[in-house]
Amino acid sequence: MATTPEAKVKKKVVEQLKVLGCYYFYPVTGGYGKSGVPDIVGVYQGRFFGIECKAGNNKPTPLQQKNLREIEEAGGLAIVVNEDNMLEIENYLMERKKCS
């Protein structure tokens with residue numbers, strides 16, 4: 001089975017999260033979950049984050065944008081990642097930590 005471009009982005013993100021020692025998981029939304037939640041959610045040094053992974057020029061849907069905005073409004077970190085910035089996870093998490 002071929003790996004999709006988005007799956008490749010997710011794999012690179014998860015590799016970095018593991019190195020950083022983050023707690024993370026992929027939420028399942030089928031049936032009982034909340035639609036539009038980011039692909040990966042977790043905690044790094046006490047700060048909640050949500051990461052939406054996209055391939056190419058794809059953008060978050062309006063519902064995904066709403067969820068990302070709600071995460072930020074609640075004090076968490078919302079990140080949209082694609083091939084251009086998928087190796088910058090540590091920078092995003094550390095930058096936000098300094099701003100707290």
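- Counting only distance, with no hydrogens or angles, the side chain of Gln64 and the backbone of Thr61 share a donor-acceptor pair below 3.5 Å.
- Here the straight-line distance linking atom CD of Glu70 with atom CD of Glu73 works out to 6.5 Å at 0.5 Å rounding.
- Follow the hydrophobic side-chain contacts under 4.5 Å out from Val9 and you reach Tyr26 in the same cluster.
- Among residues two or more places apart in sequence or in another chain, the side chain to side chain contact (heavy atoms under 4.5 Å, CB included) test is passed with Asn82 by Asp84, Asn85.
- In terms of heavy atoms, Leu68 sits closest to Pro38 at CD2-CG, 3.8 Å.
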Name each donor-acceptor pair under 3.5 Å that joins a side chain in residues 11-20 to protein atoms two or more places apart or in another chain, with its distance.
unit_1, atom_1, unit_2, atom_2, d
Gln16, OE1, Ile89, N, 3.3
Gln16, NE2, Lys12, O, 3.0
Gln16, NE2, Met86, O, 2.5

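- Hydrophobic clustering of Ile, Leu, Val, Met, Phe, Trp and Tyr side chains at less than 4.5 Å, counting indirect connections, keeps Val80 apart from Ile51.
- Closest heavy-atom contact between Gly75 and Arg47: O-NE, 3.1 Å.
- Between Cys22 and the options Leu93, Val43, Ile40, a side-chain contact (heavy atoms from CB on, under 4.5 Å) holds for only Leu93.
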_Working for salt bridge (Lys or Arg N to Asp or Glu O under 4.0 Å), residues Lys54 and Glu52_ = CA-CA 7 Å; Lys54 294 295 180 185; Glu52 182 62 40; 3.6 Å; yes

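- Note: the hydrophobic cluster containing Leu87 also contains Leu77 (ILVMFWY, side chain heavy atoms under 4.5 Å, direct or indirect links).
- Interatomic distance, Tyr44 OH to Glu90 CD, rounded to the nearest 0.5 Å: 6.0 Å.
- Nearest heavy-atom pair, Pro5 versus Glu83, reported as atom, atom and distance to 0.1 Å: CB-OE2, 3.9 Å.
- The backbone N or O of Glu88 sits nowhere less than 3.5 Å from a side-chain atom of Asn91 that would complete a donor-acceptor pair.
- Phe49 has its side chain out of reach of Val41: every pair of non-hydrogen atoms, C-beta onward, lies at least 4.5 Å apart.
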